[in-house]
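Chain naming here is simple, since letters A, B, ... match the order of the sequence lines and numbering starts at 1 in each. Everything quoted here is computed from the prediction, not taken from an experiment. These values consider heavy atoms only, across backbone and side chains, with no hydrogens, waters or symmetry-generated copies.
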Amino acid sequence: MRSGSRVAAGIALAMATSVPAAAQSGQPAPAFTAPVISDTGSLHGPRQPIFFRHDVHAGQNRVPCLYCHYSAAISSEPGIPSVQTCAGCHMMVGGSTPTYQAEIKKVRDAWNHKAPPQWVRIHALPGFVHFPHLRHIKALGSESCTTCHGDVGHMVQVYQVAPLTMGWCISCHLQKQVTRDCLVCHY
Amino acid sequence: MTDTTTARPPERATGAMSYDYVTRTVAGTLGNPGRGYYTLLGTAVTLLGIGILCLLFLLRYGLGLAGYSMPTYWAVYITCFVFWVGIAHSGTLISAILFLFRSGWRTAVYRVAEVMTVFAVMTAGLFPLIHIGRQWFFYWLVPYPNERGLWPNFKSPLVWDEFAVGTYFTVSTVFLIMGLIPDIAAVRDVATGWRRKLYAVTALGWRGTNEQWRHYRPAYLYLAALATPLVLSVHSVVSWDFAMAQVPAWHETIFAPYFVAGAIYSGCAMVITLLVPLRKFFQLERIVTIRHFENLAKLCLLTGMIVCYAYCVEYFVAWYGGATPEREAFVYRAVGRFWWAGWTMNVCNAFLPWLLWFKKVRTNISALFVISIFVNVGMWMERFVIIAIHLAGEPFEPFVRAGYNATWADWGIMAGSFGWFFMWFLLFVKNFPAVSVAEVKEELAAPRRGAARHA
Amino acid sequence: MKPGPALAAIFHPPPTPGVLGVFGHLDATVEAIRELKRGHATFTVYSPLPRHELEEALDQPVSPVRMFTLVGGIAGCAIGAWLTLYMSYDWPVQVGGKTIGSIPPYVVIMFEMTVLFGALLSLFGVAFNVLLAARHQGTIAYDPRFTNDRFGIFVPAAAAEAGTVEALLKRCGAEEVRRG
Amino acid sequence: MSEGMNRRRFLTVLGATGGGAAALGACGVDPERSQKLIPYLVQPEDQVPGTATWYATTCRECPAGCGLHAKVREGRVIKLEGNPESPINGGRLCARGQAALEGVYNPDRLGDPLARGVQGKLERISWDDALAQLHAKLAAARGRIAFVTGNETGSFGDLVDEWTKAVGATHVTYEPFAFEALREGNRLAFGIDAVPWYDLASARYILSFGADFLDTWLSPVAYQNAFARAHGFTSGRDVTMAKSVFVGPRMFLTGMNADEWVAATPGTEGLLALALAAVIVEERLAPLPADAGRLHELLARHAPAAVAGAVGIDAPAIERLAREFAGAQGGVALAGGMATHYPNGAEIAAAVNILNYVAGAVGKTVRFGPNQGLARGTFRELTDLVTAMEAGKIAVLLVHGANPGHSLTGAFWQAWGKVAYKVSFSSDLDETASAADLVLPDLHPLEQWSDSRPRAGVWALQQPVMQPVAANARPAGDVLLTLAGKSGTFKDYLQTKWRPLAERHAHGKSFEEFWPELLQHGGLYVDVPRQWVRLGPQATELMREAPAPPRFAGEASDLVLIAFPSAALYDGRGANKPWLQELPDPVSKIAWHAWVELHPETAAKWSVTDGDFLLLQSPFGAVRAPVWITPAIRPDVLGVPIGQGHRAYGRYARDRSFNAFDLLPEAPNAYGGRTFAVRVAARTTGEHRFLASSEGDPRGVGAGEDIIKVLPRATADALAPTAHPFAEPAPPAYAAGALAGWAEEQRAGAALGNYAGKQPRWAMAIDLARCTGCSACVTACYAENNLPTVGEELVLRRRQMSWMRIERYWRGGEGRGAGEGGEPLHGVVTPMLCQQCEAAPCEPVCPVFAAYHTPDGLNGQVYNRCVGTRYCANNCPYKVRYFNWYNFAEAGGEWEAWPSPLDWQLNPDVTVREKGVMEKCTFCVQRIRGAQNRARLEDRTVLDGEIVPACAQSCPSEAIVFGDLHDKTSRVAQLAADPRGYHVFESLNTKPGITYLARVVDRGA
């Protein structure tokens, strides 16, 4: 809770400072501008080896989720984007601010030294639960990731929003009037 | 303890007992345990320790440590469960049913029987928890509101079991406590020291006022009235664990009455087993007399005959019914690999009770004691045969027929259960009146003017 | 341990003045009761065991405990029915091709619940009524022998008429009479 | 559910293929939160996380060379299935083939090169040092080098040849079962040294002289499939069901599935064949070939009357067989297995050829042309090599793909000592490798490039389907190329070999275009012109002096011991794979141990029972073997399986039971093959051991009449399409109405929530006329559903977890489990798995709904809800529920089933069950869900046949059909309505989802 509220405060602050800056520079302000983070220590969620900003990629630059997590739509597993995927862009995109550049350098190093980063897992189901991503995206649409993963596009650092408990799954299945058969997920 | 409670009244030990004699004799059973008592208690606790040790191994490594093997998925643990539930039955029978029948002789023995009941159910209740594969999830059988929105399956005889045994434990405990209150009050008024305080609390302020008796009596009656169908239902439900299954030699309509009779049979036997030494150590010869033993023996005889009949019917139906698997199952019981178990059960439960037709035997304490032991063994064996042996001799699927060998894990935990039971029992009899004071007095002639005064 | 004032109020009502007679004989007690019933409204009889003679002599109204038992039983049965049926239909799961809410197996549960709640409420009934009784009796004299081999009668009486009561009890054959 | 072993683990090890980061051990109750996710560095474009990729390659577990489809998830091969395009196995795969996975992931696999150190121990060594060392030795030993390989029919063989030629070495091909007798027999009869292709599928009468083609002979999967097509019964088809007869001293799996077992005296099969030929010629039962006249008088010498005594079959029976055989128009006679392992094996093979010839089978069902790829390597070559070694003529010996140290236990080892420098390419420390001076671990066939030519016209390609598990191992091909000083890898060499081939068949495509196609199809398959053959002069010789019954080595007694390849372990190469060790032998049902088979009479004579040890002594050695009493063997014959008794070869194989090779002669016989029959003296030892059998206890298992129904051919033919002979008698009129009403009520009351609406009813049909009991399905189930192997001790306690159980009962004859009198002895088999009952007894008794009925008619088992009361298992009349007595997934635990890296094979789509829960078959529900997901993605419904459970997929005889019973057009629905259809224990009214189709037996007239 506490750190959460502080994040909110931080975001608000950052918006206040950044938006006018955007306004001055002629072009229309983007729908959402990722905040500038001064104190990463106080961010919600686990710290990742590379400070990857979903809010920058998915939020500000409107990169669709399925661009990187492409297999979520066609497979049961979403997989983790390969370093190549990152490098693909970041060989050119160097980052606007020194902090960005520092992080992007990590990506390039990972690519050059063939040492993929070890991301900290956030969303995990126990092994006896099978969650076919493809069916859910098929049913709810490619924008529906937020239903379970929260509004990642506005998260500075990703953290778990939904409890991902069985009761939580069931409530949605009931509401959407889809099956509650045990062997749909447990086998 | 001080002398006041233990001092025997000076009067002659013959002739009619006085109220005072009863009070003091019963009070005399409490306190100052001797070396013998501690040895017994020690043994019980040791056994319990062994059981707990085995259980810890079981929890760590899994049920594989026990002797199970496909298709024998149930064995010693469930046998013990049924055995102990069975033991529990005579208690409520004697205290409730005989109470309704107004048979006075029960007053001297029903407390022991009831105590036995409560602790036996306590013991029995442990086994279903021990025998399941993931003991740490036992509470999933209980209908409690949970995040997943799941409920237990009320069609499963195991859930019936859980309700039946749970109810039985609660009700028999309530019944025991009800009976105890006036007696605790009685010993309270003759006790001193810390016991006096203990009884003062546990007597719940009983003084035997007309108001108290006025509410107490009917309540006791209703409890008896409720407990009577309960006692019959509980073992029926237990028997349905088997009768509801398709396994030949389980799937029998006779099971409910057969099991209830068997339960009472084993219960009475156990009462005798416990009462004989108890009477001796506590010098209750005048309160618990041969007459009481003979009546218990008669109960044994009756139920024993029913059990004997049930055995015959089982075999008859197996033959007459013409279902091959059923037939095979009973051939297997008689001459199969576990014939010894089958015959132990037949001899102990079906043949021995015939001795009880003779008054000589019924009135011979030591004879009764021996017989009661045999019946206990026999009844355990009966459950073992029904459960383990008939599963091992799976008649439907010849290809998986297998043997069964119990292991240290089975015996250890079984021994533990005996330790657990006797520990509680021993603790109880030394600290609370093991014989009803008030009700025994009801059997005595009330002192009247004109009548000779005692003391 | 120190009981709170409220508890103290329940368990230790203010002492009631009166006369306590100790009887060694049942018939004497019965006679005394008969005598008392003519004059005195309320008095308390102690006995170490329930005796029908005493009950007849006192002929008190039937205890309300049976109502508790009845209500408990019915409630239990209802709870059993609700438990089984509601839970079956809340998340319908089919087993063995049987009806979701099939009554026969549920009867067992209903029965057990009937007995359980019946018993528990009876117990509660006794406790409740006895406590109530004790409450309006107030704290009265008692003798440890009453749970052993003596009967006793306590008649609440102000100092004024205490004498007459004493006489009455003595006349009926009380072994000893004292004021409490 | 110990997450350590489930699909999560795969996500964590993704990196291992890309970034090279090691897998993080993840065990315990809920390691998820603390887990790290390691992405690929470069995502292989053909891999989608969570979706399997399939690669076509070739099986190398035996010389049959079946085509494979390897299922790869997240860079791990997790399942092997047959390649439907392969003309060999047509999409099917045997148990041994599927167990190749446990070769890849074997915990005892070698990672690094080893060399004998100073104190004579094998020690790790770098590749450079190893190769340098080898170079030196080879240079020194020029001309005195020998290279022993297994049956290499492809480019690797060529490479070895080239290399050996270059360095003046000898190349010896050694397979313990090299079918020398067949080749010699064909040379004798037709003057052609090859093994033909037998067209069983179109045969109308299959007469097998010892050839256990369902089991280990030549190409088991191919022949079993063909056998099922020919011998399977289809109601209503006019020409249906070829009769099958098996001749041999022991009833092999093939004998159990034959309609008739002819227990001829060992070694007289040839006589019998000639006698049959004689009758055919005598009575002109078949359009005789031109030169038949010449045969007439020759064959007359072997008239039934003349040979009856020796063969031990009375003359009329022989004549009957002959008439049936010829009368069938298009029978095939096979010589193989035991019949070709006698000293006179070649003659027998030749005699059978003659029979085929006079019956006009040659060229029809016996096809030369598409010959088996076994054209080289005889036992004699090896024994010659051994002599050379003994004589010190060999300085350096290289061994690849063979383990002579196990199959040759006497002279070979002395000779071995005489060789200065021994090099092994084995990737496991088998007997030979562990005694070598240098071990250069090869990659597993599934990890490297290669090819093979299992049959003329079939060029099977072999490609790596995953990164090597043993990262530091090197393909033997590459090593050989470096030794030869050639540049490039073996893949390049392979391609150069394929270029000319491609040019011929590419139809104008460039090699670069054609190569990927080849990889997709798993190779190149072309038709081969058949080769016409005539009876050669030697055949006449053969017929002139009758092939006398053989004299078996050893005079100790009149008991002949036959040693035969184990169905699961073959020649012993399967012994290090727990799946195969735990797979009950199709005939004996014994796992984890070898045994000696005794006829009940013999057993009674010696008063021994199952498990008593016998000391068997042959002139060549002695073993102690536990007895297994079976009626399916001649009283004067003892049988022992080959394959156990390893002295090395990893934890699963080492010091297990006895090695049957110890009893066998090590000198080649007349035709240069090895003799697998010898006289033995048997002595009781008083020792006893329980045999880990999946069969019931000594009480006797009966004949399983309620479980396996058998129809005589005539009855089956007569069945009307609408008949239902096995249906339970309908309820009486007065009850019918009530019952119908009740059932209706139940259905109404049960249809609620999920259960309302149209649902499929998944069901299965198992045709017992096709099922042979080969047990391929069992291993398939192990592989697909993460079934733990529990080890011998627990199998003895009957705690094996095999969801699919093949039941085998003896019927007829005398001896144990003797069935209905008069009938000849025969074995019947059936797969027993969860019947997915509609009114399942197991469901209502579960207190927590862990066992329940899914809307689509499955008998669901929710592992994570199960508390393990085991009531369901008690109440299941089929006894197909299995309990996790221990935590088989606990890493390092006493009962660990998947010591790393075996756990990498686990199917990520299936939960690994925890200790204390019940588990069972659910028709591979993960495959059902997978198909449904795919269908949903493509906005269509699931098609019939789209979902194939692992067992059905692997079944070589296509006996198992799966589908939706509600869809009346589905195959399963049609089969369920078949007159032969029945339900096991129908009287219990469980309404099973599995319909068995009664077996049909053709007892002849």
With a 4.5 angstrom heavy-atom cut-off, is it the side chain or the backbone of S987(D) that approaches chain B, or both, or neither?
neither

Would a 4.5 Å heavy-atom cut-off, applied to side chains only, mark L63(B) and R870(D) as touching?
yes

Under a 4.5 Å cutoff for heavy-atom pairs, which residue among Y68(B), F154(B), W136(B) has the most contacts with chain D?
Y68(B)

To the nearest 0.5 Å, what is the distance between CD on Q800(D) and OG on S69(B)?
10.0 Å

Knowing that exactly one of R797(D), R799(D), K879(D) qualifies, which makes a side chain to side chain contact (heavy atoms under 4.5 Å, CB included) with M70(B)?
K879(D)

Using only atom types and a distance under 3.5 Å, with no angle test, would you say the side chain of Y886(D) pairs donor to acceptor with the backbone of G62(B)?
no

Y73(B) OH to M918(D) CE distance, which is reported to the nearest 0.5 Å
5.5 Å

Listed by residue number, which members of residues 829-841 of chain D have a heavy atom under 4.5 Å from any heavy atom of chain B?
M832(D), P841(D)

Are the aromatic rings of Y809(D) and F399(B) close, with centres under 6.0 Å apart?
yes

Among V984(D), D706(D), L988(D), which residue has the highest count of heavy-atom pairs closer than 4.5 Å to chain B?
L988(D)

Side-chain heavy atoms of V848(D) within contact of L141(B), under 4.5 Å
yes

Strictly below 4.0 Å, N to O, side chains only: are E890(D) and R60(B) in salt-bridge contact?
yes

Do F396(B) and I707(D) make a side-chain contact, defined as non-hydrogen atoms from C-beta onward lying under 4.5 Å apart?
no

Among L150(B), V159(B), V247(B), single out the residue with the greatest number of heavy-atom pairs under 4.5 Å to chain D.
L150(B)

Is the side chain of R401(B) donor-acceptor paired with the backbone N or O of E695(D) at a distance under 3.5 Å, no angle test?
no

State the CG-OG1 distance between D161(B) and T869(D), to the nearest 0.5 angstrom.
11.0 Å

Mind running ring-ring contact (aromatic ring centres under 6.0 Å, His included) on W151(B) and F849(D) for me, showing each step along the way?
CA-CA 8 Å; W151(B) 304 114; F849(D) 284 123; over 10 Å; no

When the ring planes of W74(B) and Y871(D) are compared, do they come out parallel, tilted or perpendicular, using 30° and 60° as the limits?
tilted

So, R798(D) side chain and A402(B) main chain: donor-acceptor pair closer than 3.5 Å or not?
no

Looking at residues at least two apart in the chain, or sitting in another chain, which of them share a ring-ring contact (aromatic ring centres under 6.0 Å, His included) with Y77(B)?
none

Would you say E807(D) and E397(B) make side-chain contact, with heavy atoms under 4.5 Å?
yes

